[in-house]
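In what follows, chains are A, B, ... by sequence order, proteins preceding strands, each numbered from 1. Below, all heavy atoms of this structure are taken into account, side chains as well, without hydrogens, waters or symmetry copies.
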Amino acid sequence: MNTFRRPGRGRTHPEKELRFSFDSKVYTGYEGDTLASALIANGVHLVGRSFKYHRPRGFIGAGSEEANALVAFDRGPGRKTPNVRATTIELFEGLVAHSQNNWPDVKFDVAAMNDMFSVFFPAGFYNKTFMWPKSFWDKVYEPAIRRLAGLGPAPTQPDKDHYASTYGHCEILIAGAGPAGIAAALAASDAGGRVILADEQVELGGSLLSVPQAVIEGMPAWQWLENSLEILRARENVRLMPRTTVIGYYHDNFLGLVERLTDHERSPAAELPRECLHRIRAGRAVLATGAIERPLVFADNDRPGIMLASAAQTYLNRYGVVVGDNVAVFTSHDSAYEAAFDLSDANVRIAAIIDLREGVPEALLEEANNRGIDVTTSAVVTGTSGRHRVRQICVNTMKNGVVEGGAKTIICDAVLVSGGWTPSVHLFSHSKGQLKWCQRVGAYLPDAPNENTLCVGACNGTFGLSNVLEEGAKAGGDGRTYKTSEPLSGTGEIFQSVPTDRDQTRIKAFVDFQNDVTDKDIKLAVREGFRSIEHVKRYTTNGMATDQGKTSNLNALQIASKAINRPIEQVGLTTFRPPYTPTTFGAVLGYRDGDSFEVTRKTSVDMWAEENAAVFEPVGLWRRARYFPRNGEDMQTAVNRESAATRHSLGIFDASTLGKIEIVGPDAAEFLNRMYTNPWTKLAAGRCRYGLLLGEDGYITDDGVIGRLADDRFHVTTTTGGAPRVLAMMEDFLQTEWPSLDVWLTSVTEQWAVIALNGPNARKLIEPFVDGIDLSLKAFPHMAVKEGKICGIETRLFRVSFSGELGFEINVPAHFGRALWETLYKAGEQFDITPYGTETMHVLRAEKGFIIVGQDTDGTVTPDDAGMSWAIGKKKPDFVGKRSLARPDLVASGRKQLVGLFTEDPEIVLQEGAQIVADRDQPIPMHMIGHVTSSYWSSTLGRSIAMALVKDGRTLNGTNVFVPMPEQTHVAKIGGTVSYDPEGARLDVV
Amino acid sequence: MSSEPITDLLSIDQGISIPDVLTRHPEKIDVRLVGERCRYNIRVQREDLDAVRAASALDLPDKIGASSATQDRKILCLGPDEWIIVAHMSEAARLRRTCRDISQEFTLSTVDISHRNVAFSLTGSLVANLINIGCPLDLAVDRFPIGKSTRTVFENAEIMLLRESKTGFYLETWRSFAPYVCSFFEKFATATQYDTNT
Amino acid sequence: MLLIRCPYCEEERPEVEFSYAGEAHIARPADPSQLNDEQWAEYLFIRTNARGIHYERWCHRHGCARYFNAVRDTVTDKLQMTYKAGEPKPDAIGPSGGDK
């Protein structure tokens, strides 16, 4: 048994001994221990080095407020988590953890010289010193600081764990299962609604777990707790959630909870998620989040062994572990006496109680006297010593608040401190509830809520067990009273800053232990002119560590308030933000990882493409086949082959991703007239037309072929990426501007698989398969659409071409897509049918000068800029964007216009996005007159082709412009956009 | 026509396969891919609703979120003038005829969306939890009662949801979103098969 | 995540089902060609950008797919009420911010 164990005390299970390793040394602990309690039981207090000064550090707390004891929790490769609070790690057989931020080891740390030279590291040091020059920051300062200061190293391997996430609902969500939370849950579940009671700890009970001597309703606290939990467990409407932290409180009672599922298990099943994110919508939130004890700020208050009095009490009463053999107490609050008496009763020597206050309740002094404990009032600890653990403290007395000389030293191996209590108002603050300063508690308390929230118990500034229970019950909806007795319900004084007789410039009294901020730093910030606590926070980094200042914010505020000489209420309070405690990225992601990270939309032909070695590219949410390499071809070779096959014989292309909207109703044509630039009234059923869609600002927003199936039915296609946007825009105009039109819109993108056949043999291929449509040139000309059958299934057959060749787009119901593709592919062997991807599609269309909206346009291109004034219905009185086309800026000269670009060296393929200048010899920075929008190698033309947006481009036809690139400046001639078959003869080859 | 018809080559499950874990404990989770269905999106002006009902014998429910069902046909009211009809293939020919007929008689819209959606039937004591991993609606049976239907979201996918029994749901999504939705189902089922509490 | 009452569904639904659609009660001019450049620019670009009560449009995109109007306080981000498109602009409750 470890020397620091006290058999018979605590809730751990001595019959279940567990071995664990810390810094490669093996120790034993019990089931029910945390890593912290097990280490303390083994007499280990030095567990890490501090962030900036690399000072030895131990445990300051016993729960999630811990600021010092951050360790690397090692659950094997890909499962190393840095910066975990040792106080929250549940012990299991074989647990491995390491100290961090030290080299070569925690006892001898080279960087501890930061501490010796700390005069060079005051507040704002980094801001001041490393401002200039920039290259020095990148190359010298930053890497050096990274090595010397900081927390544990980030993991280098991908996270091997997986995570879960869900939504949930309840009528009442209670955060915190201490006495207030449990009383609230008992009352609320009586009423029948769904109740969730969540607590970050493994055991529900909160502060009750640390005070077994309390009595509730005539029974010991732990008995009452067990009975209450039994009742709650039996209720179907109650969900008890231990190991679950309420990390954030958002709009309309939406709360985020992270449940830890496997970190406490030695070898959890691989299928189990490590953590689960619960996104809970609650009718009402009851916050019973308790309070955190506040450290006192005095010289060298950070040595291992110096900790919160409540933490020592928890280690003793909950884990059966004493924090030392000879313990001193330094306090300004009654509650530390309780811890001292409990330790004394567990045969720990209490070296002294040093109380800052002049007046201490008689009862306490009497109790101390009964135990033979020496109490000094109006006294102050002015220093501590001990290299790796506190060994002694210096105590001075005070008169009228002034420290008197003649320090007395007291030998001890631990110091319990208490500067009062800070209610945990974090969640209330997340929900935008207002806080107000309470002098009685010396802290900010919840005031007006912004949501349906009730704060109960210590987080509401309510102390005393019966008060807390009754407040909880009331929040849960009943007015019951509780009879209790408890050792103490204390009061205390809040000292703005602990007085000292030392030279304040030479001591370090820590406020924020995790970020190594001292009271000197805060005073310096104030001296340098920072007045708002938000600015002091950022300048000193107080409260900006991973604990968000749970133990430091109020102390910092009080020191700043005194230094500024303004009441605390006027200095303000920093904002609490989610998450309440550090949260893994995994939990935030939940199930949304791997296949579930984002939707990958695939067409019905996609699997065929995959089986045939296609290389894919993402287009919006879709993945599309980019090219189909054969025998190890590179992309250019494959594209040359695919495009030659299409131009000379037959190419097959999956165009299923095109957006499709079916527009039905007697006013369908009128609706299209108003939406698109083109006229639709006279388009006959069975014909289609290219449609251009503008935003109301006059810029091109989408395009596509629109087929008229019947007088009152149109089949509209959109760009692949634009489908949802176009439908939303149409619905917006229809519902809110023209609700009287009798027309309805239905998305049919996924109803139809679209197989595009392009090439002189396209008709020959499909003719034998098509039923009910006369495919002859005359009966079914370019830009015709007919409904009929292909291979026995219904089709909407379009004769359109995005390649310039004879082309068909065969729409069939999606689940037939692959079957039809394979049928056509097989039959097409006679024509050496060649599947092609988006890359070849781009080359073919660029040779024809067809634009891609979003590539050749960028949201600032008008139809005229794109050379597409022909698409505008001149006689139409109005359409979306028409009025804007007459705006002065849109008709002014000097606009960028889409032109063709032909490099002087035909082998050069310009880079898309490359900038264009008129004068290659001008000084840098050059005046840019445009940029390349599309650029490809055209095997058909045997040269490169490009399109570009160039200022007044059309007037520059035939002139040379320049494209400066790092290696050389390319010369290119401006020309037309159509490079292939400008007469369109290829469309009608027989 | 000189070729063999391919009408029997329809394959709904391209890219979608139901992993074993989704049917292993059917009392808890039983997820099935629904076979071929005939689906129509019907848009009717409110003032014509009674007349259309009478002429079509389609029981178009009044209220958004309501549904009606017969042995081989479900009708869901998704918007103020929007209904989705899902019929077994035995009913398909009749439904197509009905849609054609009412289109001629009334000012309305009928659009065939049979292949746009893929449907899952989900039954078992845990399926409400399963749907809730991605759907933010409260699926308690008193909040989302039997017969309630709606369009909503499942993480980044839009879905259509109908509760058919206390522990049974019918869920549709656009076909290309189905594998994504199913990937969540699989993860949840895999994680919960070890959960002895449920 | 806000809860938004859809006036068509007559239910409170989670924000992820909705999309925002800009300021409300800005009707498209019946005949844009009658507007001079300044008037058209006003219609096209100028918005209230209210601090406080804001009349705005939402669409129940992944629900009933209807556009509707809402009154929201841009300071507190609280939705005061929602109403169907085409219904008259209601009076807001409570303090009004910089509504013009």
- [ ] In plain terms, say whether A/E171 and B/R143 are close enough for a salt bridge, that is, a side-chain N and a carboxylate O under 4.0 Å apart.
- [x] yes
Open item on the list: Taking side chain to side chain donor-acceptor pair (under 3.5 Å) as the cut-off, I'd like each qualifying pair that reaches into residues 16-25 of chain B, sequence neighbours left out, listed once.
Closed with: B/R24-B/Q193
Open item on the list: To the nearest 0.5 Å, what is the distance between CZ on A/F597 and OH on B/Y180?
Closed with: 9.5 Å
TODO: For each of B/Q45, B/E186, B/E36, tally heavy-atom pairs with chain A at distances under 4.5 Å, and name the one with the top tally.
DONE: B/Q45
Task: Residue among A/A753, A/C276, A/S747 with most heavy-atom pairs under 4.5 Å to chain B - done: A/S747
Open item on the list: Which atoms of B/V118 are under 4.5 Å from chain A, going by heavy atoms: the side chain, the backbone, both sets, or neither?
Closed with: side chain
Open item on the list: Testing the basics here: between B/L10 and A/F816, what is the closest heavy-atom pair and its distance to 0.1 Å?
Closed with: CB-CE2, 3.4 Å
Open item on the list: Suppose we screen for ring-ring contact (aromatic ring centres under 6.0 Å, His included). Which residues come up paired with A/H278, at least two apart in sequence or across chains?
Closed with: none
- [ ] Could you look at A/A814 and say if it's the side chain, the backbone, both or neither that has a heavy atom under 4.5 Å from chain B?
- [x] both
Open item on the list: Just so I understand: if I count every heavy-atom pair under 4.5 Å between each of A/D595, A/V599, A/L277 and chain B, which residue has the most?
Closed with: A/V599
Open item on the list: Contact between A/K602 and B/P179 at the side-chain level, heavy atoms closer than 4.5 Å - yes or no?
Closed with: no
Task: Segment of A/P813 engaging chain B (4.5 angstrom heavy-atom cut-off) - done: both
Task: Derivation of the side chain to side chain contact (heavy atoms under 4.5 Å, CB included) call for A/R592 and B/F184 - done: CA-CA 8 Å; A/R592 294 161 293 185; B/F184 282 89; 3.7 Å; yes
Task: Spacing of OG belonging to B/S109 relative to CG belonging to A/D742, to within rounding of 0.5 Å - done: 11.0 Å
Open item on the list: For the backbone of A/L745 and the side chain of B/R43, can you confirm whether one donor and one acceptor N or O come within less than 3.5 Å of each other?
Closed with: yes
Open item on the list: At a 4.5 Å cut-off on heavy atoms, which part of B/L137 comes close to chain A: side chain, backbone, both, or neither?
Closed with: backbone
Task: Options A/M607, A/E610, A/E767, A/R279, ranked by heavy-atom pairs under 4.5 Å with chain B, top entry - done: A/R279
TODO: Measure across B/K187 and A/S596 and return the closest heavy-atom pair with its distance rounded to 0.1 Å.
DONE: NZ-OG, 3.1 Å
For residues 82-92 of chain B, run the donor-acceptor check on the side chains, cut-off 3.5 Å, and write out each pair with its distance to 0.1 Å, sequence neighbours left out.
from	atom 1	to	atom 2	distance (Å)
B/E82	OE1	B/R151	NH2	2.9
B/E82	OE2	B/N41	ND2	2.9
B/E82	OE2	B/R151	NH1	3.1
B/W83	NE1	B/P61	O	2.8
B/E91	OE1	B/R94	NH2	3.3
B/E91	OE2	B/R94	NE	3.4
B/E91	OE2	B/R94	NH2	2.6

Open item on the list: Take a 6.0 Å sphere around CD of A/E236 and say whether it holds more than 12 heavy atoms from other residues, nucleotides or ligands.
Closed with: no
Task: Least distance between heavy atoms, A/Y167 atom then B/I133 atom - done: CD1-O, 4.2 Å
Task: Contacting moiety of A/E822, where chain B heavy atoms sit under 4.5 Å - done: neither
TODO: Identify the two heavy atoms, one from A/T166 and one from B/N129, that lie closest to each other, and give their separation to 0.1 Å.
DONE: OG1-O, 4.3 Å
- [ ] May I ask you to check whether over 12 heavy atoms, not counting those of B/E27, lie within 6.0 Å of atom CD?
- [x] yes
Task: Part of A/W752 lying under 4.5 Å from any heavy atom of chain B - done: neither
Open item on the list: Walk me through whether A/Q751 and B/N117 qualify under side chain to side chain donor-acceptor pair (under 3.5 Å).
Closed with: CA-CA 8 Å; A/Q751 163 67 13; B/N117 292 11; over 6 Å; no
- [ ] Would you mind reporting whether B/T107 and A/W744 have side-chain heavy atoms less than 4.5 Å apart?
- [x] yes
Task: Spacing of OG belonging to B/S103 relative to CG belonging to A/D712, to within rounding of 0.5 Å - done: 7.5 Å
- [ ] Pull out the residues in residues 155-174 of chain B that come under 4.5 Å of chain A, heavy atom to heavy atom, sorted by number.
- [x] B/E155, B/N156, B/W174
TODO: Identify which of B/L9, B/T110, B/D112 forms the greatest number of heavy-atom pairs closer than 4.5 Å to chain A.
DONE: B/D112
TODO: Determine the minimum heavy-atom distance between B/A191 and A/L272, stating which atoms define it.
DONE: O-CD2, 3.7 Å
Task: Proximity breakdown for A/R818 and chain B, heavy-atom pairs closer than 4.5 Å - done: both
Task: Residue A/I280 versus chain B: region with a heavy atom under 4.5 Å - done: neither
Open item on the list: Testing B/R175, B/R116, B/R39 one by one against A/E750 for a salt bridge (charged side-chain N to carboxylate O under 4.0 Å, His left out), which residue passes?
Closed with: B/R175
- [ ] Taking the side chain as every heavy atom from C-beta outward, state whether B/S176 and A/W622 have any pair of such atoms under 4.5 Å apart.
- [x] yes
- [ ] Please report the shortest heavy-atom distance between A/H815 and B/H115, naming the atom on each side.
- [x] N-ND1, 2.9 Å
Open item on the list: Tell me whether B/D138 is salt-bridged to A/R194, with the criterion being a basic N under 4.0 Å from an acidic carboxylate O.
Closed with: yes
TODO: Return the option, out of B/C182, B/A178, B/G134, with the maximum number of heavy-atom pairs under 4.5 Å with chain A.
DONE: B/G134
Open item on the list: Less than 4.5 Å to any heavy atom of chain B: does that hold for the side chain of A/L820, its backbone, both, or neither?
Closed with: both
TODO: Heavy-atom pairs under 4.5 Å with chain B are the metric here; pick the option from A/T600, A/T603, A/D606 that has the most.
DONE: A/T603
